[in-house]
Amino acid sequence: MPPAVVGALRCSVCSEQLHPEGRSLRCGRGHSFDIAKQGYVNLLRAGVDAGTADTSEMVAARADFLATGRYAPLADLLARIARSAGDPEFVVDAGAGTGYYLAAVLEATESAWGLALDVSAPALRRAAKAHPRIGAVVWNLWEPWPVADAVADVVLDVFAPRNPVEFHRVLRPGGLLAVATPGAGHLRELVTELGLLDIAGDKTDRVAESLAGHFELAGVETVRHTAEFDADEVRRLVLMGPNAHHLHRDGLGEKLDALTGATTVTVEFDVSVLRRSG
């Protein structure tokens, strides 16, 4: 666990600063949290409801799919947006998953450190190893975060729950928030052909409205392209997201098994760039 990340963490029981002690993080009041052998730490005081966190199978599918580079344009855009904040020193990725996007941002900076927050321990096993300057923490984003006030220059939120109060609290004055959501045309061919859940995300104006009072919209950037995905890529793409929980709905599992050849797929993301107010 990188010392720069530990210094930004707070005890989830009493809110005191944490410090390393052997293979644990401990606060001055004696609350202790073990660091897993994979390098992440779980600060949750209660378990996660079944079906909430990404499973090991979903995480493996995501890692394999992201390794193809199909979503690299989004990672590149997030890195460019983060660099526009100057020379960021600390980046928080809320809902970091495997750490793919956070690693891309850190790689594009001189020496920034990154905190990966996610409710999925299987995902954070990978995030902790995604880049040497990442520290990974299991946490429920809907709860107050175990993170100090005003420590981050940039907060990323990529297809993840949005907690405006915590975004605002952990960002420094003038800090930058980048929220990535699926565009209106994202995976539209697969939605039609396979009967996927409607994954078209929030409209960008609704993103800004949900964060009003805490953030001011600085702009919106869009990544969009159409490509031929082979059958394995389509399967991994479906199995890495919420549709993995619904494989028995309308025969989705059977449709995936029967896929052959290539499928034309539209990939579209909107990234809202916002500045911390106050």
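- A donor-acceptor contact shorter than 3.5 Å is absent between the side chain of Trp139 and the backbone of Ser12.
- Heavy atoms only, all atoms of each residue included: Gly39 and Ala128 are closest at C-CB, 4.0 Å.
- In this structure, CZ in Arg275 is found 10.0 Å from CG in Leu171, a value given to the nearest 0.5 Å.
- Contact between Gly183 and Asp270 at its shortest, heavy atoms only, is CA-OD2, 3.6 Å.
- The shortest side-chain heavy-atom distance between Leu18 and Arg26 does not fall under the 4.5 Å cut-off.
- A 6.0 Å sphere centred on NE2 of His225 holds more than 12 heavy atoms belonging to other residues, nucleotides or ligands.
- The side-chain heavy atoms of Ser24 and Ile35, taken from C-beta on, include no pair separated by under 4.5 Å.
- Using a 4.5 Å heavy-atom cutoff, the side chains of Arg276 and Pro173 are in contact.
- None of Val158, Val154, Val91 except one satisfies the side chain to side chain contact (heavy atoms under 4.5 Å, CB included) rule with Leu102; the exception is Val91.
- Listed by chain and residue number, Trp145 satisfy the ring-ring contact (aromatic ring centres under 6.0 Å, His included) test with Phe167 (two or more places apart in sequence, or in another chain).
- Counting only heavy atoms from C-beta outward, the side chains of Phe229 and Val267 approach each other to under 4.5 Å.
- Shown here are the salt bridge (Lys or Arg N to Asp or Glu O under 4.0 Å) partners of Arg29, two or more places apart in sequence or in another chain: Glu16.
- Proximity of the aromatic rings of Tyr71 and Phe65 is defined here by a centroid distance below 6.0 angstrom, and this criterion is met.
- Interatomic distance, Leu256 CG to Leu190 CG, rounded to the nearest 0.5 Å: 9.0 Å.
- Legend: residues meeting ring-ring contact (aromatic ring centres under 6.0 Å, His included) with Phe159, ordered by chain and number and at least two apart, are Phe269.
- Between the Thr98 side chain and the Ala127 main chain, no donor and acceptor come within less than 3.5 Å of each other.
- The cluster map of Ile, Leu, Val, Met, Phe, Trp and Tyr, joined by side-chain heavy atoms under 4.5 Å apart, puts Val6 and Trp113 in the same cluster.
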Derivation of the side-chain contact (heavy atoms from CB on, under 4.5 Å) call for Arg224 and Thr266: CA-CA 7 Å; Arg224 187 181 189 278; Thr266 298; 3.9 Å; yes
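- In the hydrophobic clustering of ILVMFWY residues, with side-chain heavy atoms under 4.5 Å counting as a link, Phe215 and Val207 come out together.
- For the salt bridge (Lys or Arg N to Asp or Glu O under 4.0 Å) test, no residue two or more places apart in sequence or in another chain qualifies with Arg83.
- Scanning both residues, Ala178 and Leu78, for their nearest heavy atoms gives CB-CD2, 4.1 Å.
- Contact of the Met1 side chain with the Val5 side chain is registered, since non-hydrogen atoms from C-beta on lie closer than 4.5 Å.
- The shortest distance between side-chain heavy atoms of Leu141 and Asp118 does not fall below 4.5 Å.
- With sequence neighbours excluded, the residues that form a salt bridge (Lys or Arg N to Asp or Glu O under 4.0 Å) with Arg62 are Asp54.
- Here Lys37 contributes atom NZ and Arg125 contributes atom CZ; the two are 9.0 Å apart, rounded to the nearest 0.5 Å.
- Two residues are said to be in side-chain contact when any heavy atoms from C-beta on lie closer than 4.5 Å; Cys27 and Cys14 meet this criterion.
- Taken to the nearest 0.5 Å, the CG atom of Leu211 stands 6.5 Å off from the CZ atom of Arg162.
- In plain terms, the two heavy atoms of Pro2 and Pro132 that are nearest each other are CG-O, 4.0 Å.
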Derivation and outcome, side-chain contact (heavy atoms from CB on, under 4.5 Å), residues His214 and Ser277: CA-CA 5 Å; His214 297 282; Ser277 301; 5.9 Å; no
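- A continuous path of ILVMFWY side-chain contacts below 4.5 Å connects Val92 to Tyr40, so both sit in one hydrophobic cluster.
- Counting only distance, with no hydrogens or angles, the side chain of Asp34 and the backbone of Ala36 share no donor-acceptor pair below 3.5 Å.
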Worked check of side-chain contact (heavy atoms from CB on, under 4.5 Å) between Val271 and Val179: CA-CA 5 Å; Val271 180; Val179 178; over 6 Å; no
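- Proximity of a side-chain donor or acceptor of Arg10 to a complementary backbone N or O of Ala148 within less than 3.5 Å is not detected.
- Rounding to the nearest 0.5 angstrom, the gap separating the OG1 atom in Thr263 from the CG atom in Leu237 is 10.5 Å.
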Chi angles and distances behind the side-chain hydrogen bond (donor to acceptor under 3.5 Å, both in side chains) call for Ser111, Glu89: CA-CA 7 Å; Ser111 56; Glu89 298 178 3; over 6 Å; no
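- The side-chain hydrogen bond (donor to acceptor under 3.5 Å, both in side chains) contacts involving residues 163-175 comprise Asp149-Arg169, Asp153-Arg172, Glu166-Arg169, where partners must be two or more places apart or lie in separate chains.
- Atom-to-atom distance recorded for Leu66:CG and Arg236:CZ is 11.0 Å, nearest 0.5 angstrom.
- Considering all non-hydrogen atoms of both residues, Leu259 and Ala231 come closest at O-CB, 3.7 Å.
- Around atom CD of Glu110, no more than 12 heavy atoms belonging to other residues, nucleotides or ligands sit under 6.0 Å away.
- You'll find the side chain of Asp93 stays beyond 4.5 Å of the side chain of Leu115, heavy atoms only.
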Leu194 and Asn243: CA distance, side-chain angles, deciding distance, side-chain contact (heavy atoms from CB on, under 4.5 Å) verdict: CA-CA 10 Å; Leu194 298 177; Asn243 286 282; over 6 Å; no
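- At distances below 3.5 Å, at least one donor-acceptor pair connects side-chain atoms of Arg133 with backbone N or O atoms of Ala112.
- Nearest heavy atom pair, residue Ala104 against residue Ala75, reads CB-CB, 3.8 Å.
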